[in-house]
Amino acid sequence: MYSSARKWGTFAICCLLAVVPNIDLTALNQAVPHLSADLHPSATQILWIADAYGFALAGLLITMGGIGDRIGHKKLLLMGTALFAAASAVTAYAPSAELLIAARALLGVAGATLMPSGLSLIRRVFTDPKERTMAVGIFSGVGGLAVGLGPVIGGALLDHFWWGSVFLINVPIMVVALLAGSIVLPEARAKVTGRLDLASVPLSVAGVLGLVYAVKEAAAHGLGEPKVAVAAVAGAAALAAFWFRQTRIAEPLIDVRLFRRAAFSGSVGTNMFAMFALVAQSLIFSLFFQLALGWSPLKAGLAGLPGAAGAMIGGAALAPPLIGALGRARVVAIGMLVAAGGFALFLTIGLDTSYWTMLPAMLLSGIGMGMALTTTADTVLASVPKDRSGAASAISETATELGGALGMAILGSVLNAVYRDALHLPANVPAPAAAAARDSLAGAFQAASGLPGRLGGEVLGAARGAFVDGMHGALLCSAGLAALVAVFALVTLRSVPKVIPDAVEDADAAPVPAAK
């Protein structure tokens with residue numbers, strides 16, 4: 001048993017280490033114009049500056065979860081914290097685009113250690129189920145809040161300092177977390193024995209990166225792009241080989257028998273599809289606030305915070321008592337239905353809608369997602385032995401990354417398709433400007449800047465209206481998918497008890513036997 005001070009101290013450090021990467025991820029979007037003026041990267045290099053972090057993070061989550069279970073999550077977390085601080089300093093002072101890309105990839109490597117290790121330590125110190133659920137709810141809500149705070153903090157820094165300041169601010173925060181963590185975080189001897197299966201590492205990395213890259217390319221260039229099929233087939237083949245290997249060796253990187261547990265597999269699946277429905281919302285509303293409504297990045301960032309606050313309320317305040325009263329499957333289903341209602345309310349929002357009218361929809365979608373994702377995250381942690389919690393968290397986070405990438409690609413494609421279909425430009429718009437306007441709302445702004453005042457205004461008016469139609473189409477898809485996820489959760493989690501007994505610690509304790 002851990003003292004209350006030790007438990008909540010551990011929780012505070014883990015939250016801090018979850019906040020910084022999420023702020024860093026969104027603050028980068030605002031720094032790109034500034035660093036582009038300084039480093040003059042090519043269009044391809046700009047894409048890699050944005051994507052290097054996410055690719056490294058997604059590809060290494062499973063590996064880092066397995067390493068943490070073997071060497072101890074305190075040790076891995078402190079190593080990752082030190083690496084994140086060092087990589088942030090290199091990123092801030094990168095003299096070239098190539099070094100900046102490498103530093104961002106290194107940040108992704110460090111980031112891959114933080115989330116699974118943080119959740120594993122929370123799982124270890126919070127043994128009371130209600131306390132653990134509340135802690136996981138706050139932890140998830142803080143991560144969402146950080147995404148909203150990224151533009152706010154980034155905008156404030158860029159108003160007064162150079163672009164590297166959005167990365168350099170990570171250094172003192174990580175140093176404080178490193179010093180506090182070395183004292184406060186619990187020591188725990190790793191019980192997962194055996195060497196790390198090095199052959200499994202490239203298979204897991206290639207599998208995850210192949211699928212993520214295929215989704216991104218499909219979103220950017222369409223399904224007909226040859227690279228999409230190649231990457232998807234290569235990723236699927238690598239994951240199949242990885243799965244087969246995990247079932248045939250005595251010391252697997254991850255214990256695939258975890259998927260036999262309905263609580264684990266159902267929660268991971270629900271997480272993936274829920275993030276599919278959720279993730280595009282943040283991008284869509286960022287574009288809506290900044291481009292369609294003309295708000296500043298700072299104002300748009302502040303406007304999105306109620307959704308994150310709602311997620312914290314749903315996760316920390318509502319989920320724990322409701323699990324005890326209704327059971328896990330019903331809480332997830334109710335949460336997804338509430339979120340679906342919030343998404344549906346967004347269909348009433350237009351260019352002339354007041355911000356206060358948007359608040360109920362933002363709060364409902366946040367509260368519902370907070371209830372659902374907190375319950376599934378807590379179920380993942382509770383349904384596996386503590387000594388496998390790092391690998392379990394990593395699997396769940398990897399599924400979340402894939403779901404988010406799919407949501408961004410598919411729902412973004414829905415938005416673009418509806419936008420192009422709904423866009424009706426004046427007949428006298430030159431062909432190059434018309435093509436740019438049909439590409440995206442941002443393209444319409446660029447096209448309008450080169451047109452006479454009245455004609456440019458007509459183009460922007462048509463593009464803003466078409467964007468709202470596209471936003472409604474994507475959010476209608478989100479609402480429908482959220483409702484389907486509610487049904488999926490009721491089916492897959494129906495046998496999961498309200499309180500998962502600690503006896504699961506000893507279940508399936510024997511190693512996977514090697515094939516003869």
Side-chain angles (χ1 to χ4, degrees), residues 1-25 27 53 57 61 64-65 67-92 106-128 131-147 149-150 153 157 165-190 308 312 315-316 377 381 386-387 389-390 393-394 397:
M1 295 294 291
Y2 297 94
S3 68
S4 180
R6 188 75 174 272
K7 285 191 295 187
W8 290 105
T10 297
F11 174 76
I13 292 168
C14 291
C15 277
L16 183 62
L17 294 175
V19 163
V20 173
N22 283 330
I23 290 178
D24 182 85
L25 192 61
Y53 176 88
L57 176 74
L61 277 169
M64 293 303 180
I67 291 174
D69 286 340
R70 284 165 172 79
I71 70 172
H73 286 284
K74 175 179 179 177
K75 183 182 295 184
L76 182 64
L77 193 71
L78 294 179
M79 290 167 59
T81 302
L83 181 60
F84 201 97
S88 294
V90 174
T91 303
L106 195 60
L107 276 174
V109 175
T113 70
L114 301 182
M115 184 64 77
S117 293
L119 282 171
S120 181
L121 289 169
I122 289 173
R123 163 77 167 95
R124 184 169 294 280
V125 298
F126 287 96
T127 55
D128 177 76
E131 268 195 345
R132 186 191 62 241
T133 305
M134 181 175 67
V136 170
I138 299 174
F139 183 83
S140 301
V142 165
L145 190 65
V147 173
L149 285 173
I153 295 173
L157 288 170
S165 62
V166 301
F167 305 110
L168 192 62
I169 194 175
N170 298 339
V171 177
I173 297 173
M174 286 298 184
V175 169
V176 169
L178 181 64
L179 295 175
S182 63
I183 299 169
V184 175
L185 296 178
E187 295 279 4
R189 184 176 62 84
M312 197 174 294
L381 292 176
K386 289 179 184 177
D387 302 309
S389 58
S393 299
E397 285 297 315

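Residues passing the side chain to side chain donor-acceptor pair (under 3.5 Å) test with Thr133, sequence neighbours excluded: Asp378. Considering only residues two or more places apart in sequence or on other chains, Phe11 meets the ring pair (Phe, Tyr, Trp, His ring centres under 6.0 Å) condition with Trp8.
Atom CD1 of Ile122 sits about 6.0 Å away from atom SG of Cys15, to the nearest 0.5 Å. Separation of atoms CG (Leu185) and CG (Leu77) is listed at 6.0 Å; rounding is to 0.5 Å. Leu157 CG to Phe167 CZ: the interatomic distance, rounded to the nearest 0.5 Å, is 11.0 Å. Going from atom CG of Leu178 over to atom CD1 of Ile173 covers 13.5 Å, rounded to the nearest 0.5 Å. Distance OG1/Thr10 to CZ/Arg124: 11.0 Å, rounded to 0.5 Å.
Counting heavy atoms from C-beta on, the side chains of Leu83 and Thr113 never come closer than 4.5 Å. Within the 4.5 Å cutoff, side-chain heavy atoms of Ile13 are placed close to those of Val184. Taking 4.5 Å as the limit, some side-chain heavy atom of Met64 sits within range of a side-chain heavy atom of Val109. Between Leu179 and Ile183 the shortest side-chain heavy-atom distance does not fall below 4.5 Å. At least one side-chain heavy atom of Glu131 sits less than 4.5 Å from a side-chain heavy atom of Lys7. A 4.5 Å side-chain heavy-atom check between Leu114 and Met174 finds at least one atom pair inside the cut-off. Side-chain contact between Val125 and Arg132 is absent, with no heavy atoms from C-beta onward closer than 4.5 Å.
The minimum heavy-atom distance linking Leu76 with Ser117 is given by the pair CD2-OG, 3.5 Å. Of all the heavy atoms in Ala377 and Val136, the pair that sits closest is CB-CG1, 3.7 Å. Shown here for Ala177 and Thr81, the closest heavy-atom pair between the two residues is CB-CG2, 4.4 Å. Minimum heavy-atom separation, Asn170 to Ser88: ND2-OG, 3.2 Å. In this structure, Gly181 and Leu78 approach most closely via the heavy-atom pair C-CD2, 3.9 Å. Pairing each heavy atom of Lys74 with each of Ser182, the nearest pair is NZ-O, 3.1 Å.
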Evaluate the criterion side-chain contact (heavy atoms from CB on, under 4.5 Å) for residue pair Leu106 and Val90; output intermediate values, then yes/no. CA-CA 10 Å; Leu106 195 60; Val90 174; 6.0 Å; no
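Sparse packing is recorded around CD1 of Ile169, with 12 or fewer heavy atoms of other residues, nucleotides or ligands lying under 6.0 Å away.
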